[in-house]
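Following: one structure in structure tokens, then a few remarks.
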Amino acid sequence: MNTLRLPYFTLSSSVMEPMVAALSALEKGPLDNVIIELAFLRVSQINGCAYCLDMHSKSLRKMDVSQTKLDQLAGWQVSHAFSERERAALAWADSVTLIAATGAPDSVYEPLKAQFSDVEISELTFAIGLMNAFNRLGVGMRQ
């Protein structure tokens, strides 16, 4: 078990509070909360944030997402458990999270346009970026 390096959430509360407010805004926005939570869980898998993996898998279970879908998330590319909409969101989550390697290519962006509105794409991208920030804080500070 790791020990928290710094209580960053209280030391930098003036920064943390707007991040939490952004999460709340996303949850109230036009994007389906299951899509948001699946993206959060996938980003957390890639980044190895155990705290977030626990939190988002519990949240998805509360939303009645099947255990099969949760079990297959790491291999979503070859799973039949995900809709085309979910697959487009997960591909974008992977690409944006690994942006140094992928560059977020058009081949991953274009399928989003068939499944999501411009506002939804924007909010999904904000959600992915925000979860990456939370993951980096959690992993870096050993939450």
Side-chain angles (χ1 to χ4, degrees), residues 2 4 6-143:
N2 290 319
L4 184 64
L6 289 173
Y8 62 90
F9 34 84
T10 55
L11 289 171
S12 300
S13 62
S14 64
V15 179
M16 188 65 152
E17 288 169 8
M19 289 177 68
V20 172
L23 278 178
S24 180
L26 288 168
E27 291 169 355
K28 295 173 186 166
L31 198 56
D32 182 306
N33 284 331
V34 170
I35 293 283
I36 292 171
E37 287 291 328
L38 282 171
F40 285 172
L41 186 58
R42 180 62 185 144
V43 168
S44 297
Q45 284 179 337
I46 293 168
N47 291 326
C49 185
Y51 178 87
C52 291
L53 288 169
D54 182 60
M55 180 173 41
H56 297 296
S57 61
K58 284 178 181 174
S59 179
L60 284 160
R61 283 187 197 95
K62 285 181 186 174
M63 294 178 184
D64 293 323
V65 172
S66 73
Q67 188 61 48
T68 298
K69 189 172 277 193
L70 295 178
D71 292 343
Q72 294 181 11
L73 183 59
W76 69 265
Q77 300 92 334
V78 295
S79 170
H80 298 290
F82 299 91
S83 69
E84 287 303 310
R85 185 172 165 88
E86 291 167 337
R87 296 173 71 72
L90 292 169
W92 190 238
D94 283 11
S95 187
V96 171
T97 298
L98 301 169
I99 202 158
T102 70
D106 289 344
S107 62
V108 178
Y109 179 76
E110 290 300 323
L112 285 173
K113 293 170 70 171
Q115 299 294 326
F116 296 95
S117 70
D118 289 350
V119 171
E120 289 173 322
I121 293 169
S122 178
E123 295 211 358
L124 177 61
T125 307
F126 268 103
I128 293 163
L130 190 60
M131 186 49 48
N132 272 288
F134 277 118
N135 286 167
R136 280 153 177 76
L137 287 165
V139 173
M141 291 296 165
R142 303 292 190 252
Q143 184 170 21

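This one's a predicted model, so the numbers in the text were calculated from it and none came from an experiment.
Between R42 and E37, none of the side-chain N atoms (NZ, or NE/NH1/NH2) sits under 4.0 Å from a carboxylate O, so this pair counts as no salt bridge.
Not a single donor-acceptor pair under 3.5 Å links the side chain of E27 to the backbone N or O of S24. With hydrogens and angles disregarded, no donor-acceptor distance shorter than 3.5 Å links the side chain of S12 to the backbone of V15. A side-chain donor-acceptor contact under 3.5 Å links S57 to the backbone of D54.
Counting heavy atoms from C-beta outward, R136 and M141 have side chains that stay 4.5 Å or more apart. You'll find the side chain of F82 reaches within 4.5 Å of the side chain of L73, heavy atoms only. At a threshold of 4.5 Å between non-hydrogen side-chain atoms, the residues M55 and C52 count as touching. Residues F116 and E123 are not in side-chain contact: their nearest non-hydrogen atoms beyond the backbone lie 4.5 Å or more apart. Within the 4.5 Å cutoff, the side chain of I36 has heavy atoms near those of the N33 side chain. In this structure the side chain of T102 never reaches within 4.5 angstrom of the side chain of V108, judged on heavy atoms. Between V20 and F9 the shortest side-chain heavy-atom distance does not fall below 4.5 Å.
Looking at every heavy atom in both residues, I128 comes nearest to V96 through CG2-CG1, 3.6 Å. Nearest heavy-atom pair, L137 versus M19, reported as atom, atom and distance to 0.1 Å: CD1-CE, 4.0 Å.
Environment of OH in Y51: sparse, with no more than 12 heavy atoms of neighbouring residues, nucleotides or ligands closer than 6.0 Å. No more than 12 heavy atoms of other residues, nucleotides or ligands shown are found within 6.0 angstrom of CZ on F126.
R87 and Q77 share no donor-acceptor pair across their side chains, judged by distance under 3.5 Å alone.
Shown here are the side chain to side chain contact (heavy atoms under 4.5 Å, CB included) partners of S13, two or more places apart in sequence or in another chain: E17.
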